Amino acid sequence: MNAYTSRVLEGLKARNANESEYLQAATEIMESIAPVFDKHPEYEKAGLLERFVEPERVIIFRVPWVDDQGNIQVNRGYRVQYNSAIGPYKGGIRLHPSVNLSILKFLGFEQVLKNSLTGLPIGGGKGGSDFDPKGKSDNEIMAFCQSFMTELFRHIGADTDVPAGDIGTGAREIGYMYGQYKRIKGIYEGVLTGKGLTYGGSLARKQATGYGLCYFVKNMVEANGKTVAGKTVLVSGSGNVAIYACEKITEMGAKVVAMSDSNGYIYDPNGINLDVVKQIKEVERGRIKEYAARVAGSEYHEGCRGIWTIKCDIALPCATQNELDADGAKALIANGCFAVGEGANMPSTLEATNLFLQNDVLFAPGKAANAGGVATSALEMSQNSMRLSWSFEEVDEKLKGIMAGIFGKCAEAAAIYGDKPTNYVIGANIAGFLKVADAMMAQGCV
Ligand code: NDP
């Protein structure tokens with residue numbers, strides 16, 4: 001790290017001492033982009049980094065709602081509008097009891113770089129609430145979503161901030177939020193993405209993050225003289241990203257042998273039967289444990305971290321932040337895993353990431369590898385603005401092209417700035433940063 005990035009990072013640590021996830025993301029980003037400032041001394045003069053690390057706006061609000069027993073519940077809602085230099089804020093809404101400002105700032109910061117990497121005109125933001133959708137009735141989910149939007153509506157819009165789904169926010173929640181927005185504002189606009197297909201959603205959006213991850217991993221693996229077909233794969237999580245990563249990588253000829261949820265993991269040496277997972281997770285909203293009771297030859301193990309001890313060639317962490325730590329990384333490396341693709345945001349700890357890089361495991365960082373979701377959200381915005389719907393194949397083709405483009409940008413920046421040409425962490429951070437930095441410089445001190 002050079003003197004400028006160290007100084008700014010120290011300042012961040014002093015001012016945000018209790019925000020561990022945010023500081024973890026900021027440290028990785030600052031370490032990666034440090035070489036840029038040697039080539040661009042004008043950035044320091046313009047205080048660019050000090051501005052870049054600080055969100056433009058953070059909104060925190062009360063979300064009161066009434067549960068099925070008639071009791072009043074109160075949750076906390078957030079929207080972090082991080083950076084709008086290259087377009088309207090864009091990023092998901094996370095509904096999970098662990099949500100706090102540190103997690104949303106880390107996600108928003110990552111989102112700025114991710115959205116830049118897509119090549120599309122979208123700035124970065126993130127939002128959410130500590131509301132836990134698990135175990136709630138449809139009525140309670142609707143009551144929460146309506147209350148959440150009753151405050152959020154005044155801060156968002158098709159040209160200002162366009163939220164989307166994330167952990168705990170799927171098509172059902174987006175539908176309730178969209179309905180409430182439309183009711184309050186009285187206009188029909190593409191203010192949210194991940195909408196249902198009957199009211200402005202895009203075909204292939206549901207699949208986009210998982211499919212995009214596989215397209216990125218295939219590009220990365222093939223650029224390094226290897227293949228995906230015939231390989232054994234671990235996919236953690238069993239939510240939206242995990243399910244469609246499993247689907248696409250299987251279609252590419254690989255075999256997925258394990259998936260998980262926050263309670264434990266299933267191991268199926270014959271290859272995961274995704275129809276069973278979809279039935280349990282998408283239809284019944286059940287637990288992954290139930291898979292073992294339905295599929296002969298499979299096993300269930302309590303605890304989600306054990307998944308990384310299974311022998312594999314490729315690992316796709318698709319659940320949540322910091323799910324893959326140094327022990328998990330060591331187990332994967334010892335078992336011969338040669339590629340890791342992050343479907344989730346920051347699933348690998350800094351120690352795990354460094355172990356992968358030091359041991360020449362091909363490592364696709366989340367902000368590049370899972371950018372297919374937000375890229376397709378931007379395609380949904382375009383379709384809404386044009387009042388058109390593209391076919392599944394059209395969207396999927398565009399997604400493939402975008403992911404190939406993102407891999408190309410990461411590889412190019414890694415070759416120029418990285419300690420080695422396969423350091424896609426440096427590549428992704430620098431390629432994402434440069435576009436935003438140029439736009440911020442052009443727009444003056446704002
Ligand atoms: P979902 O809510 O659909 O699924 C999340 C999955 O992760 C579930 O299987 C869940 O299990 C598991 N999980 C959640 N918290 C934990 C935890 N603390 N420990 C272990 N497992 C956990 O979310 P998504 O699939 O949409 O998102 C997954 C990741 O991908 C997140 O990091 C998200 O930010 C990222 N992402 C998502 C995008 C999208 O388009 N959806 C786009 C880009 C990134 P359980 O049911 O037990 O909670």
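In listed order, ligands and their atoms are each counted from 1. Note that the structure is a prediction, hence the values are computed from the model and not measured.
- Taking the centre of each ring, W65 and F148 stay at or above the 6.0 Å mark.
- Less than 4.0 angstrom separates some heavy atom of G237 from each of these atoms of ligand 1: 9 (O).
- Nearest to atom 35 (C) of ligand 1 among the protein's heavy atoms is N345 ND2, 3.7 Å.
- With ring centers used as reference points, Y22 lies 6.0 Å or more from F106.
- Under a 4.0 Å heavy-atom criterion, G165 is not in contact with ligand 1.
- For atom 46 (O) of ligand 1, the nearest non-hydrogen atom of the protein is R287 NH1, 3.3 Å.
- Shown in contact with S238 at under 4.0 Å from a heavy atom are these atoms of ligand 1, numbered in order with element: 9 (O).
- Of all the atoms in ligand 1, the ones that sit under 4.0 Å from a non-hydrogen atom of G343 are 30 (O), 35 (C), 44 (C).
- When the salt bridge (Lys or Arg N to Asp or Glu O under 4.0 Å) test is applied to K114, no partner is found at least two apart in sequence or on another chain.
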- Task: Determine, stepwise, if the pair F109 / V80 fulfils side chain to side chain contact (heavy atoms under 4.5 Å, CB included).
- Result: CA-CA 9 Å; F109 202 8; V80 178; over 6 Å; no

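- With a 4.0 Å cut-off on non-hydrogen atoms, T209 touches ligand 1 through its side chain and not its backbone.
- Heavy-atom proximity to S262, at under 4.0 Å, picks out these atoms of ligand 1: 11 (O), 16 (C), 17 (C), 19 (N), 20 (C), 21 (N), 22 (C), 45 (P), 47 (O), 48 (O).
- In terms of protein heavy-atom proximity, atom 3 (O) of ligand 1 is nearest to N240 N, 2.9 Å.
- For ligand 1, the atoms sitting less than 4.0 Å from at least one non-hydrogen atom of H96 are 15 (N), numbered in the order shown with element in parentheses.
- Of the protein's non-hydrogen atoms, T320 CG2, 3.4 Å is the one closest to atom 17 (C) of ligand 1.
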- Message: One pair to check against side chain to side chain donor-acceptor pair (under 3.5 Å): S348 and E342. What are the steps and the verdict?
- Response: CA-CA 8 Å; S348 313; E342 294 191 322; 2.6 Å; yes

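- Remark: K136 fails to qualify as a cation-pi partner of F144 under the 6.0 Å distance and 45° angle criteria applied to the six-membered ring.
- Looking at K367 and E28, a side-chain N of the basic residue comes within less than 4.0 Å of a carboxylate O on the acidic one, giving a salt bridge.
- The aromatic rings of Y178 and Y181 lie parallel to each other, with less than 30° between the two planes, well short of the 60° mark.
- Selection from A319, G168, S260, G212 by nearest heavy atom to atom 28 (C) of ligand 1 gives A319.
- The closest side-chain heavy-atom distance from Y89 to T160 is not below 4.5 Å.
- R205 counts as a contact of ligand 1, since one of its heavy atoms falls under 4.0 Å from the ligand.
- One N or O on the side chain of T349 and one on the backbone of A352 form a donor-acceptor pair closer than 3.5 Å.
- Judged by distance alone, the side chain of Q383 and the main-chain N or O of W390 form a donor-acceptor pair under 3.5 Å.
- For Q321, no heavy-atom contact with ligand 1 is shorter than 4.0 Å.
- In C304, the part holding a heavy atom less than 4.0 Å from any atom of ligand 1 is the side chain.
- Between the choices D166, I243, L95, T193, the shortest heavy-atom distance to atom 33 (C) of ligand 1 belongs to D166.
- The single protein non-hydrogen atom nearest to atom 4 (O) of ligand 1 is G239 CA, 3.2 Å, given as residue, atom name and distance.
- Within the 4.0 Å heavy-atom criterion, the part of K134 lying near ligand 1 is the side chain and not the backbone.
- At a heavy-atom cutoff of 4.0 Å, ligand 1 is contacted by the backbone of C318 but not by its side chain.
- Atoms of ligand 1 found under 4.0 Å from any heavy atom of R94, numbered from 1 in the order shown, are 31 (C), 32 (O), 33 (C), 34 (O).
- Heavy atoms of M346 come nearer than 4.0 angstrom to ligand 1 in no pair at all.
- Counting protein heavy atoms only, atom 37 (C) of ligand 1 is closest to V241 CG2, 3.4 Å.
- Between R294 and E284, at least one side-chain nitrogen of the basic residue sits less than 4.0 Å from a carboxylate oxygen of the acidic one, meeting the salt-bridge criterion.
- The stretch residues 309-333 participates, sequence neighbours left out, in these salt bridge (Lys or Arg N to Asp or Glu O under 4.0 Å) pairs: R305-D325.
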